[in-house]
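Below: the structure, in structure tokens.
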2 protein chains.
Amino acid sequence: MATKISGEPSSPTNAPKPRAEGQRGPARALEPVNNRMPISPQIYERLRRAITTLTMLPSEALSEQDLAKQLGVSRTPVREALIRLADEGLIDILPQRGSFVAPIRLSDVEEAQFIREALEVSVVQKLAGHGSQEFLATARANLARQAKAVAEGDRELFLELDEAFHRSLSEEAGLPKSWRVIQVVKLQMDRVRYLSLPEPGHLETLLAQHVAIFEAVEAGEAKQAGARMTAHLREVLRTVQRLSVARPDLFGR
Amino acid sequence: MATKISGEPSSPTNAPKPRAEGQRGPARALEPVNNRMPISPQIYERLRRAITTLTMLPSEALSEQDLAKQLGVSRTPVREALIRLADEGLIDILPQRGSFVAPIRLSDVEEAQFIREALEVSVVQKLAGHGSQEFLATARANLARQAKAVAEGDRELFLELDEAFHRSLSEEAGLPKSWRVIQVVKLQMDRVRYLSLPEPGHLETLLAQHVAIFEAVEAGEAKQAGARMTAHLREVLRTVQRLSVARPDLFGR
DNA sequence: GTTGACATACTACCATGGTAGTGTGTAGAA
DNA sequence: TTCTACACACTACCATGGTAGTATGTCAAC
């Protein structure tokens, strides 16, 4: 019924929402969610983005009630999203006290790095020499776009392509769950990477490493691919460690 | 663990629960939860155990409503536990249709094995030569108890000690999050292992492998330790694969 | 016997009210 | 000034009611 598109606050088709909120606009930082799709995942996704992009800073409080009001939904789906974020280590829930954006703990970041390295090195070793033609073509295209992004200094786009590149390795290796794990632990580093300072030549280095990994995978040199992945990920960790001294305010313990 | 204290529902100190449920006992399969502790984690833990021990079989339905009644709580904490179990791949939630114990998918089990191997091999390689005296002593004691359990044919106890042994490796290496990941993916295998047939000499093999790993770790031979861990975990996978042909009824797709 | 419409009985999902537990500010005593 | 008692404002947590969506059984039409 009423397969409405886009304009949804204009026609209250079947909206028995009391919504008794005529109060002054409380400077909402988050837009209301689309309420024709499952709500809880939307909230999770939004908060995850807000946290990894540092729109929400470490130690910032997240109240079920406040978020529900800002998003125009009830507290239940908000709570479910918070629980999931807590499971992934992005927020800390203190019972009966409050929920807070987790501080960036260097020890956590380093262990995330350990996990990611162990997994992703194994992934490329398994993948080496077994990539389909489509995969190789797609990856090559991705690398070309990465080169373009680097040339244009589009850091945001590069990070996106970076993620897609790494994901495609796991997926082509037939290891989707592994990517899920990598993705979760990667969140810890993403928060820091997002503000990683524009160090000259950094993106070029990462791109060159991507290319090197790809070539080893294509040539079927498993050990080589693994070694290059290790070097690549350690490069990423280095930037995190540099930032931990440059911006100690964001780190905890 | 499992040191059940038992007597806790006897003193309803502050139980203002309306609990208007004088209905006939509906053959409850689950005992009511202890309501002076956080409820949701208790439910999660209980269901996890029921699923991994195959008390609840694949494809069995789990209704929020039914479980809530059986456990004597409301539907909310049940729902939260189900969401967490779904995140970990133990149940499938079909929106507006129902929640069901996930079938054992051989592909999932094999990928879980991949993840576990990648992580745990890295763990022992890192740990090799760096174990504290207390750790070495504790591990030795554990292995002795394993030997005793094998001699007495106590499979249940052996599995417990097995888990403790593996966990202690991660923790001593300073990698608690890694253990968490291992633990989650291990759930997929545990379901199968739990009914693993009493193959003569199997436990002895596993014990010998544990000892071999420990000795390599103690001697600081990282590569050796990693290789032995690989062999050990592949042995475990073998039993899973054998069972997938012996009990195809439990497997899906 | 087959097919399709429709009532019914479920389900997960969201909204909302109530409660115990925790931090904080404030008033009074030392 | 320093401490303690206590009211208050807040939190996460759980209970419960209501709704849209899905499956299934029933019955009419073919």
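This one's a predicted model, so the numbers in the text were calculated from it and none came from an experiment. Chain A is the first sequence line, chain B the second, and so forth, proteins listed ahead of strands; every chain is numbered from 1.
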Once you round it to whole Å, what is the distance between C1' of C:dC13 and CE of A:M37?
14 Å
Could you work out, with salt bridge (Lys or Arg N to Asp or Glu O under 4.0 Å) as the rule, every residue matching A:R49, not counting sequence neighbours?
none
Calculate, to the nearest 0.5 Å, the distance between atoms CZ and CD1 belonging to A:R116 and A:I182 respectively.
7.0 Å
Rounded to whole Å, how long is the line connecting atom CG of B:L67 with atom C1' of D:dA15?
16 Å
Quickly work out the A:I39 CD1 to C:dT16 P distance and round it to whole Å.
11 Å
Going by the rule ring-ring contact (aromatic ring centres under 6.0 Å, His included), which residues pair with A:Y44 if we only count those two or more places apart in sequence or in a different chain?
none
Where the side chain of B:I93 is concerned, which of C:dA12, C:dC14, D:dA12 is the nearest nucleotide?
C:dA12
In residues 40-52 of chain B, which ones come under 4.0 Å of DNA chain D, going by heavy atoms?
B:S40
Roughly how many Å is it from CD1 in B:I83 to P in C:dA12, rounded to a whole number?
11 Å
Among D:dC14, C:dC13, C:dA15, find the nucleotide with the atom closest to the side chain of A:T76.
C:dA15
Please name the pair of heavy atoms, one in A:A102 and one in A:P58, separated by the smallest distance, quoted to 0.1 Å.
O-CB, 3.8 Å
For B:R79 and C:dC14, is the shortest distance between a side-chain N/O and OP1 or OP2 below 4.0 Å?
yes
Between B:E64 and B:R79, does any NZ, NE, NH1 or NH2 come within less than 4.0 Å of an OD or OE carboxylate oxygen?
yes
Whole Å only: how far is the CG atom of B:D92 from the P atom of C:dT11?
17 Å
Could you work out, with side chain to side chain donor-acceptor pair (under 3.5 Å) as the rule, every residue matching B:D162, not counting sequence neighbours?
B:H166, B:R193, B:H210
Minimum heavy-atom distance between B:A118 and A:S122, given as atom pair plus value:
CB-OG, 3.3 Å
Protein-nucleic acid N or O pairs under 3.5 Å, nucleotides 6-11 of chain D:
| unit_1 | atom_1 | unit_2 | atom_2 | d |
| --- | --- | --- | --- | --- |
| D:dT11 | OP1 | A:S63 | OG | 3.2 |

Can you tell me if the side-chain N/O atoms of B:S74 get under 4.0 Å from OP1 or OP2 in D:dC14?
no
side-chain hydrogen bond (donor to acceptor under 3.5 Å, both in side chains) partners of residues 90-106 of chain A, not counting sequence neighbours, each pair once
A:D92-A:R105
Rounding to a whole Å, what distance do you find between A:R75:CZ and D:dA15:P?
14 Å
If I take atom CZ from residue B:R84 and atom CD from residue B:E45, how far apart are they, to the nearest 0.5 angstrom?
8.5 Å
